Amino acid sequence: MLTFGLLLTVGVFFWIYFLWSRRRLYMLHAKVPGPLGLPILGIAAEYLILNKRKMTTRTKYLDMYGSTVLLWVGPDPFVVTRDPKIAEEVLLSSECINRSSHAADAIARSAGDGLFTLKGPKWIERRKQMNPTFKHNILLSFLPIFNAETKTLVSLLDTYVGHGEKEILNDIVRWSFRIATQTTVGTDIKHEENFKNDTILRSYQSLLQLMTMNVLMPFTQNKIISTLCGYEDQRMRAASNIQKMITKILDKKLNSKPEGTSQPEINSVINRAIELFRNGQIPYEHVQGECSSIVVAAFETTGLTVCHTLTLLAMYPQYQDTVFEELKDLFPTAGDFEVTYEDLQKMVYLERVLNETLRLIPSVPFAPRETLQDFRLSNGVLIPKGVTIGIDIFNTHRNPEVWGPDAAKFNPDNFLPDNVRDRHPYAFLPFSKGKRNCIGWKYGLMSSKLALAKILRNFKIRTSFRYEDLVFVDNIGMKLAQSPGLDFQRRT
Ligand code: HEM
């Protein structure tokens with residue numbers, strides 16, 4: 001009896017200590033509205049099990065409580081916003097340059113350390129070091145790869161003509177993976193057996209799946225849970241496949257003479273990382289980490305963007321026809337043609353459609369930031385150090401206070417210059433914005449536009465799937481519960 005009493009007292013003491021140590025988080029809830037959810041679990045069960053990570057979970061609470069809410073997911077509070085003004089304050093602040101630890105750790109475990117995962121001053125330094133890799137002239141040197149790989153994709157899509165509706169996400173992702181790897185580690189990769197037979201692509205996809213799970217359910221990052229569930233094995237196998245291949249390419253380059261600065265490839269990610277390694281500025285593992293994580297960041301995002309644009313245009317034939325007219329003026333003859341940078345600049349309507357797609361179906365729906373220090377918002381709310389503030393890109397893009405009552409409707413005119421001018425600059429942020437925005441945003445837009453131009457000039461695309469029936473699922477890279485099939489007809 002005495003032992004039980006003692007245990008109870010110790011238990012109560014620890015519980016009170018636990019609550020006391022977290023008092024600032026509970027005080028935050030007094031300032032930022034949101035549902036309490038279940039004890040310990042918060043809204044985790046509703047989000048993960050009941051709603052199967054549907055985007056509508058966050059939308060519901062943002063509609064109920066206002067554009068900035070506090071959501072408890074498990075024992076952790078997340079401040080989530082769809083308010084462009086708050087997004088701007090967060091994304092421009094030096095106190096919020098770190099990606100949330102859950103996200104950074106999950107990515108580092110699978111893809112290694114690099115720009116994507118580094119924190120604080122180390123990230124600032126690395127960003128400066130890697131920025132030259134994405135300069136305009138470097139991107140221009142990638143155009144032959146974009147053109148060649150898109151030609152292969154168009155030939156494949158041509159075999160689908162007359163075969164009814166086909167799911168093409170995997171084909172498009174294979175295209176984006178092939179350009180992401182060649183532009184990151186060089187075209188030598190095309191000769192690797194594991195690349196040709198898609199083993200490396202499957203390894204990357206497997207890692208992405210694990211990363212998403214680790215980010216959305218952080219308890220799966222626990223080594224024991226991960227090993228027991230077989231995830232650790234899966235991760236090790238995929239990571240080792242990728243590491244072996246990158247090491248092979250890397251060692252070949254390291255054992256050859258440094259390339260002259262006049263070579264356009266000098267600033268491709270691998271060459272830049274090797275240069276930094278040779279100068280003693282970054283460790284060897286980070287050369288591998290940079291190559292691996294840039295491919296992760298590049299391929300799924302770009303593939304999803306192209307696939308979603310084709311899907312929306314299949315649902316809205318009137319807009320597809322306008323795009324086609326623009327392309328036909330630029331490329332009078334169907335079939336294969338080279339797309340130049342100047343051509344891309346002339347695709348004004350296609351760009352509007354692309355932006356509208358990224359608004360309604362952003363390939364990255366959520367950008368989580370962790371406060372480095374206590375951080376005060378302009379509305380007076382103090383966000384304690386270590387709390388995650390999530391910029392809800394998906395819901396910012398559909399915020400009716402910004403986009404009006406038709407916010408959820410597909411309307412490329414949202415990107416007419418007059419409409420853009422009148423909107424808050426942080427109302428549209430598919431590549432995030434501010435200090436830690438997407439380093440590859442121009443690359444993503446250029447490659448997507450080029451692929452869309454070649455596909456839409458050659459095919460009329462249809463689907464029986466309705467826009468209203470799309471179901472959006474939270475993921476590192478946006479997921480549709482069901483991917484609509486597309487039907488291809490040749491254009492002349
Ligand atoms: C349409 C395609 C793309 C979209 C929609 C996209 C979107 C984004 C977003 C929203 C972020 C910020 C994520 C966060 O804050 O948590 C990001 C970061 C990043 N993206 Fe992209 N991205 C695309 C293509 C690319 C490409 C092609 C590359 C590289 C070739 C790339 C490399 C990166 C890197 C390295 C970061 C991290 C930057 C840093 O932390 O400094 N992305 N991207």
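Computed from a prediction, not measured in an experiment: that's the story for all the values here.
Less than 6.0 angstrom separates the ring centroid of Y341 from the ring centroid of H136.
Under a 3.5 Å cut-off, the side chain of H286 and the backbone N or O of Y284 do not form any donor-acceptor pair. Using a distance-only test at 3.5 Å, with no hydrogens or angles considered, a donor-acceptor pair links the side chain of D392 to the main chain of N395. The main-chain N or O of H102 is found under 3.5 Å from a side-chain atom of Q221 such that the two form a donor-acceptor pair.
A tilted orientation is assigned to the rings of W441 and F431, their planes being inclined by 30° to 60°. Ring geometry for H424 against Y426 counts as perpendicular: the plane angle is over 60°, on a 0 to 90° scale with 30° as the lower cut. Classified by interplanar angle (parallel below 30°, tilted 30° to 60°, perpendicular above 60°), the ring pair H397/W403 is perpendicular.
A salt bridge links K460 with D321; the closest basic N to acidic carboxylate O contact falls under 4.0 Å. Salt-bridge check for R109 with E232: passed, with a basic side-chain N closer than 4.0 Å to an acidic carboxylate O. Taking the charged nitrogens against the carboxylate oxygens, E275 and R272 do have a contact shorter than 4.0 Å, which makes a salt bridge. Under 4.0 Å is where a charged nitrogen must lie from a carboxylate oxygen, and between E356 and R359 at least one such pair does. A salt bridge links D188 with K252: at least one charged nitrogen is closer than 4.0 Å to a carboxylate oxygen. Using a 4.0 Å cut-off between charged nitrogen and carboxylate oxygen, E325 and K328 do not count as a salt-bridge pair. Under a 4.0 Å N-O distance rule, the pair R58/D474 qualifies as a salt bridge. Of the charged side-chain nitrogens involved, at least one lies within less than 4.0 Å of a carboxylate oxygen, so that R126 and E290 count as a salt-bridged pair. Taking 4.0 Å as the cut-off between side-chain N and carboxylate O, R174 and D171 do not count as a salt-bridged pair. Taking a cutoff of 4.0 Å between a charged side-chain nitrogen and a carboxylate oxygen, D63 and K60 do not qualify as a salt bridge.
Stacking of K454 on the aromatic ring of F337 is recorded, both the 6.0 Å distance cut-off and the 45° axial limit being met. Relative to the ring axis of F116, R99 places its NZ or CZ within 45° and under 6.0 Å from the centre.
Two residues are said to be in side-chain contact when any heavy atoms from C-beta on lie closer than 4.5 Å; F488 and N458 fail this criterion.
For the side chain to side chain contact (heavy atoms under 4.5 Å, CB included) test with Q320, the passing option among L312, I461, V353 is I461; the others fail. When each of V420, N419, N414 is tested with L416 by the rule side chain to side chain contact (heavy atoms under 4.5 Å, CB included), just one qualifies, namely N419.
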Next item on the list: Could you check F415 against F428 for ring-ring contact (aromatic ring centres under 6.0 Å, His included), going step by step and ending with a plain yes or no?
Entry: CA-CA 10 Å; F415 290 90; F428 179 61; 4.7 Å; yes
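The 12-atom threshold is not exceeded at NZ of K244, counting heavy atoms of other residues, nucleotides or ligands nearer than 6.0 Å.
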